[in-house]
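Everything below concerns the one structure shown next.
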Number of protein chains: 2
Amino acid sequence: MGITKSEHFTDHQNELANVLKALGHPARVAIVEYLIQHKQCICGDIVNELPLSQATISQHLRELKQVGIIQGNIEGNSICYCLNPQVFEQITQFMGIVIESVAKNKCC
Amino acid sequence: MGITKSEHFTDHQNELANVLKALGHPARVAIVEYLIQHKQCICGDIVNELPLSQATISQHLRELKQVGIIQGNIEGNSICYCLNPQVFEQITQFMGIVIESVAKNKCC
DNA sequence: AATCTATATTGCAATATTACGATATAATTT
DNA sequence: AAATTATATCGTAATATTGCAATATAGATT
């Protein structure tokens, strides 16, 4: 099918899954890593950095923006993107809970 | 196309993306959350918990196992699954770097 | 205002993912 | 050994994702 039965899961599960899915592509990881290093970028910076077309980069940026991983501010005729820390704090919290849980007992 | 140009990215980027993609589905988030609560499960436990078929659950468990998020041990005629903390430590480290980076300066 | 620069969107083709019924495999119980 | 229980795999249909060329949009520059 290819369709995910979102209606059967909690909002929290769907939201977390959406954010993680958005980060689940090497080009989007690379964009986030570029932003870690350079703090900000415009679309053209990433086009120069990655071997993907301008249309494809623009699409990846939109996906990151849709789930709140990055935010964009219009600056003249270009758009300046940067990371939104809140989302990463949410993810880190979830991962922390997992690690804490697992630390308590070994696997079966 | 639907095909990801993995060859253009670093191993680190591809591996991280694969793990995050595996977590990027609400059913698989739900499975991880079940394991947080119950520490371990067999396939049938998840089949009772989620409104998906046994075949589909088995598929999701395989995806989680393939990227090392869970591990499975044969116990009689069932397989006992549990979380593998190492993967989550990797993810948390990456998220921590992002948060640290962003804390240093505000967005453009 | 015409051109240039930067980004977004549309339309399309190829591939991937999701889900499930049916079936296979393997250990357990009767 | 036959039936039961537990899980995996196969085959298939429907939908989603990825990527790009072409085009649209909008601000900047000449």
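Note that the structure is predicted; figures quoted are calculated from it, not measured. Naming convention: chains lettered A, B, ... in sequence-line order (proteins, then strands); numbering from 1 in each chain. Below, all heavy atoms of this structure are taken into account, side chains as well, without hydrogens, waters or symmetry copies.
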Would you kindly give the CD1-to-P distance between A:Ile79 and C:dA6, to the nearest whole Å?
13 Å

Rounded to whole Å, the CD-P distance (B:Glu49 to D:dA6) equals 16 Å

Sort me out a list of protein N/O and nucleotides 2-5 of chain D N/O pairs below 3.5 Å, or just none if empty.
residue: D:dT5; atom: O2; partner: B:Asn77; partner atom: ND2; Å: 3.2

Closest non-hydrogen atom pair between B:Pro85 and A:Val102, with its separation
CD-CG1, 3.5 Å

As an exercise, state the distance from CD1 of B:Ile46 to SG of B:Cys41, rounded to the nearest 0.5 Å.
4.0 Å

Using 0.5 Å steps for rounding, measure from the CD atom of B:Gln59 to the CD atom of B:Gln54.
10.5 Å

Neighbour count above 12 (heavy atom, 6.0 Å) for B:Glu89 CD:
yes

Side chains of residues 29-37 of chain A: which donor-acceptor partners sit under 3.5 Å, not counting sequence neighbours?
residue: A:Glu33; atom: OE1; partner: B:Gln13; partner atom: NE2; Å: 2.8
residue: A:Glu33; atom: OE2; partner: B:His12; partner atom: ND1; Å: 3.1

With a 4.5 Å cut-off on side-chain heavy atoms, are B:Leu50 and B:His60 touching?
no

Donor-acceptor under 3.5 Å ([X] side chain, [Y] main chain):
{"X": "A:Thr92", "Y": "A:Phe88", "answer": "yes"}
{"X": "A:Lys39", "Y": "B:Ser101", "answer": "yes"}
{"X": "A:Asp45", "Y": "A:Ile42", "answer": "yes"}

Would you list the atom pairs, donor with acceptor, under 3.5 Å between side chains in residues 15-27 of chain A and any protein atom, with sequence neighbours excluded?
residue: A:Asn18; atom: ND2; partner: A:Asn14; partner atom: O; Å: 3.3
residue: A:His25; atom: ND1; partner: A:Ala27; partner atom: N; Å: 3.0
residue: A:His25; atom: NE2; partner: B:Thr4; partner atom: OG1; Å: 3.4

What residues 13-38 of chain A contributes to the DNA chain D interface at heavy-atom separation below 4.0 Å is A:Lys21, A:His25, A:Arg28

Looking at DNA chain D, which of residues 52-75 of chain A put a heavy atom within less than 4.0 Å of it?
A:Leu52, A:Ser53, A:Ala55, A:Thr56, A:Gln59, A:His60, A:Glu63

Using the closest heavy atom to pick a nucleotide of DNA chain C for each, name whichever of A:Cys43 or A:Ile3 lands nearer the 5' end.
A:Cys43

Judged by each residue's nearest nucleotide on DNA chain C, which is more toward the 5′ side, A:Gly2 or A:Ile42?
A:Ile42

Got a list of side-chain donor-acceptor pairs under 3.5 Å for residues 62-82 of chain A, not counting sequence neighbours?
residue: A:Glu63; atom: OE2; partner: A:Arg28; partner atom: NH1; Å: 3.2
residue: A:Ser78; atom: OG; partner: A:Glu75; partner atom: O; Å: 3.3

side-chain N/O B:Tyr81 vs D:dA6 OP1/OP2, d < 4.0 Å
no

